[in-house]
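Report on the following structure.
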Amino acid sequence: MKRSVLTRYRVMAYVTAVMLLVLCTCMVFKYGFDTGEGLTLVVSQIHGVLYIIYLVFAFDLGSKAKWPMGKLLWVLISGTIPTAAFFVERKVVQEIEPLVADGSPVTAKV
């Protein structure tokens, strides 16, 4: 497996997790203090688009790592639970790091 697959997943996991925390903060201001409705709408839409990108990259990583369906679903859903993506990303990296190609050229078998 190429390192770029893991790197794409890691970047999107962090970006999605941070945007979800920002969205939660906006929701507190919207419903708790009755302010920031427009900002909440914008942040929620941005998070939604980034979450879709996260889903694609996480599914790509999971299919290349041959994860069982339960593990893949947990990784996909972690982008919707505040702070979960940080912890799940760390465990995924520990598991996938040994599978990442060392960068040496691959020779074709004839």
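Please read all numbers here as calculations on a predicted model, not as lab measurements.
Considering only residues two or more places apart in sequence or on other chains, Tyr51 meets the side-chain contact (heavy atoms from CB on, under 4.5 Å) condition with Thr16, His47, Tyr54, Leu55, Thr80. Checked against side-chain contact (heavy atoms from CB on, under 4.5 Å), Val42 has the following partners two or more places apart in sequence or in another chain: Ile46. In this view, Ser63 and Asp60 satisfy the side-chain contact (heavy atoms from CB on, under 4.5 Å) rule, not counting sequence neighbours. Residues satisfying the salt bridge (Lys or Arg N to Asp or Glu O under 4.0 Å) test with Glu95, not counting sequence neighbours, are Lys71. By the side-chain contact (heavy atoms from CB on, under 4.5 Å) test, Ile52 is found to be paired with no residue, residues two or more places apart in sequence or in another chain being considered. Applying the salt bridge (Lys or Arg N to Asp or Glu O under 4.0 Å) rule to Lys91 yields no partners; only residues at least two apart in sequence or on another chain are considered.
Lys2 approaches Val100 most closely through the heavy-atom pair C-CG1, 4.3 Å. Across all non-hydrogen atoms, the minimal contact from Leu72 to Gly62 is CD1-CA, 4.1 Å.
Among residues at least two apart or in separate chains, there is no side-chain hydrogen bond (donor to acceptor under 3.5 Å, both in side chains) pair with a member in residues 17-27. Applying the salt bridge (charged side-chain N to carboxylate O under 4.0 Å, His left out) test to residues at least two apart or on different chains, the pairs with a partner in residues 10-28 are Arg10-Glu89. Residue pairs meeting the salt bridge (charged side-chain N to carboxylate O under 4.0 Å, His left out) criterion with at least one member in residues 22-43, sequence neighbours excluded, do not occur.
For the atom pair CG (Leu21) and SG (Cys26), the distance works out to 11.0 Å, reported to the nearest 0.5 Å. Annotation: the span from Leu76 atom CG to Phe57 atom CZ amounts to 13.5 Å, rounded to 0.5 Å. Here CG of Leu99 is found 13.0 Å from NZ of Lys64. Values are rounded to the nearest 0.5 Å.
Phe33 belongs to a hydrophobic cluster whose other members, connected by ILVMFWY side-chain contacts under 4.5 Å either directly or through intermediates, are Val28, Phe29.
Residues Arg8 and Arg3 fail the side-chain proximity criterion, which asks for heavy atoms closer than 4.5 Å. Under the 4.5 Å side-chain criterion, counting only non-hydrogen atoms from C-beta, Val43 is not in contact with Met27.
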Can you give each donor-acceptor pair under 3.5 Å made by side-chain atoms of residues 81-88, sequence neighbours left out, with the distance rounded to 0.1 Å?
none

Test side chain to side chain contact (heavy atoms under 4.5 Å, CB included) on Ile96 and Tyr9; report intermediate values, then the result.
CA-CA 11 Å; Ile96 298 295; Tyr9 164 75; over 6 Å; no

Verdict with supporting geometry, Val92 and Trp74, side chain to side chain contact (heavy atoms under 4.5 Å, CB included):
CA-CA 11 Å; Val92 166; Trp74 172 240; over 6 Å; no

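Leu41 and Tyr31 end up in different hydrophobic clusters when Ile, Leu, Val, Met, Phe, Trp and Tyr side chains are linked at under 4.5 Å.
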